[in-house]
Amino acid sequence: MSTLTILRRHAQNPDPASLPPSVLLDYTDSYLTIFDAYPKATFHLLVLPRPKDGSLTLSELSGLRSLLSCQKKDAKKILDELAAQAEKTKELVREEMVQRYGYSWDIWVGFHAVPSMEHIHLHVISSDLCSPKLKNKKHYNSFHPKLGFFLHLEEVLSWFEEEPKYFATKKRLKPSEYEPLLKESLVCWRCDRILPNMPTLKNHLQEEWDKEAKRAAEKKRKRESGPGQADSFAGNAKKQHVEGVEEI
DNA sequence: GTTCTAGAAC
DNA sequence: GTTCTAGAAC
């Protein structure tokens, strides 16, 4: 029971600074960013709006669906502010990526079309999807960036620019239209390969991420071997020389 | 959302 | 026989 309302409790906490650093990353009067307790990727954070006087009520903030059923301009304001907070969060994550791994990779920002926990929360999640807590098909499909269950914030914002009728349809977020997506086959979001089960998918995702790390290392080497020379004979010769030295 | 575990799938 | 999934949780 309490696990389903933990986010609401955090959002209502009058003093976020009292939260342990293992929970809290950042906060303002209006928002807080916390670490997901069961991260489905190397980096996985949640941005929550804090209910405050003169703004939307707790029940209007209960989820994306309830937010979108508010006055359009009120909903848009919250989403714009969430977007700004998410940008700050992304920057903090990128810095941590570089510090820990020497490079940074994509970070996705979006909502689950049908959430499982009370209180609207924006996911900020690194695209590796490598984590011991990612255990089943539902976990994976709920973050697959092209499947449709994970609603990128940019997409949700784009609904506001569409015809009112389209917006009215989208904002319903009918569970019956989204929940079946969670049961679809396991498809690698990078290469579209179908994997037969979770252990195989997890190995595959790890390999894909290892490849990305290699590409990043190669890019860095090229950058450091001298701008504009990487593809020239002189550049290659120089690179080989440097590599030779490094191997000794 | 998670944990647990029966029985399906291999 | 072991691995893996997916539904119940009083």
Side-chain angles (χ1 to χ4, degrees), chain A residues 1-13 16 19-27 31-51 58-68 82 85-86 89 93 107-145 147-153 156 173-189 193-208:
Chain A
M1 180 59 182
S2 72
T3 59
L4 298 168
T5 54
I6 183 83
L7 299 183
R8 184 196 272 160
R9 292 215 309 280
H10 286 323
Q12 288 182 285
N13 188 325
L19 292 167
S22 58
V23 173
L24 183 73
L25 177 72
D26 185 27
Y27 75 100
Y31 294 89
L32 70 169
T33 302
I34 61 173
F35 293 90
D36 192 294
Y38 298 89
K40 304 304 190 296
T42 304
F43 299 92
H44 186 182
L45 296 120
L46 306 174
V47 185
L48 322 180
R50 304 174 66 193
L58 197 60
S59 91
E60 287 168 324
L61 293 174
S62 114
L64 180 60
R65 193 182 139 95
S66 61
L67 180 69
L68 293 178
L82 274 172
Q85 191 73 11
T89 303
V93 170
I107 301 163
W108 300 324
V109 174
F111 299 99
H112 280 161
V114 184
S116 300
M117 289 198 284
E118 281 299 325
H119 204 80
I120 186 166
H121 50 286
L122 182 61
H123 293 273
V124 176
I125 184 166
S126 58
S127 61
D128 50 275
L129 298 183
C130 291
S131 163
K133 301 292 185 193
L134 189 128
K135 292 178 176 174
N136 59 42
K137 181 182 272 190
K138 185 174 173 179
H139 291 155
Y140 177 70
N141 280 344
S142 74
F143 288 104
H144 190 299
L147 188 63
F149 189 91
F150 185 79
L151 302 172
H152 296 270
L153 177 59
V156 175
L173 291 171
K174 287 178 69 180
S176 61
E177 284 173 14
Y178 288 98
E179 277 166 350
L181 296 170
L182 297 174
K183 296 181 184 288
E184 290 202 359
S185 314
L186 298 170
V187 178
C188 173
W189 68 269
R193 201 173 126 192
I194 299 173
L195 288 305
N197 54 44
M198 281 304 292
T200 318
L201 173 73
K202 286 171 68 70
N203 285 336
H204 178 76
L205 290 173
Q206 183 67 52
E207 284 167 12
E208 289 279 14

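Because the structure is predicted, anything quoted here is derived from the model rather than measured. So you know, we letter chains A, B, ... as the sequences are listed, proteins then strands, and number each from 1.
- C:dT2 atom P lies 23 Å from atom CE of A:Met198, rounded to whole Å.
- When side chains are defined from C-beta on, A:Leu7 does not count as touching A:Glu118, because their heavy atoms never get closer than 4.5 Å.
- OP1 or OP2 of B:dG1 has not a single side-chain nitrogen or oxygen of A:His121 nearer than 4.0 Å.
- Closest approach of A:Leu48 and A:Ile120 over heavy atoms only: CD2-O, 3.8 Å.
- Taking both residues in full, the closest heavy atoms of A:Gly148 and A:Leu181 are given as C-CD1, 3.8 Å, listed atom of the first, atom of the second, then distance.
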Applying side-chain contact (heavy atoms from CB on, under 4.5 Å) to A:Leu151 and A:Leu173, what does each step give before you reach the verdict? CA-CA 10 Å; A:Leu151 302 172; A:Leu173 291 171; 3.6 Å; yes
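- A:Lys202 has no side-chain polar atom (N or O) that falls below the 4.0 Å cut-off from OP1 or OP2 of C:dC4.
- In summary, the aromatic rings of A:His123 and A:His121 are positioned with their centroids under 6.0 Å apart.
- If you measure from atom CG of A:Leu182 to atom P of C:dA6, you get 12 Å, rounded to the nearest angstrom.
- In this structure, the NZ atom of A:Lys137 is 20 Å from the C1' atom of B:dG1, given to the nearest Å.
- Base-pairing analysis of DNA chain B finds the following stems of at least three consecutive Watson-Crick or G-U pairs, with both pairing distances under 3.5 Å: B:2-10 with C:1-9.
- Contact annotation: A:Lys135 side-chain N/O to B:dT3 OP1/OP2 distance is under 4.0 Å.
- No contact: A:Pro115 has no heavy atom under 4.0 Å from any strand.
- Taking atom NE2 on A:His139 and atom P on C:dA6, their separation rounds to 13 Å, with Å as the unit.
- The phosphate of B:dG1 has neither OP1 nor OP2 within less than 4.0 Å of any side-chain N or O from A:Thr3.
- When rounded to the nearest whole Å, the span between CG of A:Leu195 and C1' of C:dT3 equals 16 Å.
- Residue A:Lys133 is classed as having no contact, given no heavy-atom separation below 4.0 Å to the nucleic acid.
- Note: CG (A:Asn136) to P (B:dG1) measures 8 Å, nearest angstrom.
- When the nucleotides C:dT5, C:dG7, B:dG1 are ranked by their closest atom to the side chain of A:Lys183, C:dG7 comes out on top.
- The aromatic rings of A:Trp108 and A:Phe150 sit tilted, their planes meeting at an angle between 30° and 60°.
- Aromatic ring pairs are classed by plane angle as parallel below 30°, tilted from 30° to 60° and perpendicular above 60°; the pair A:Phe149 and A:Tyr178 is perpendicular.
- Here the C1' atom of nucleotide B:dG1 and the CZ atom of A:Arg9 are 13 Å apart, to the nearest Å.
- Following rounding to the nearest Å, A:Asn141 (CG) and C:dA6 (C1') show an atom-to-atom distance of 14 Å.
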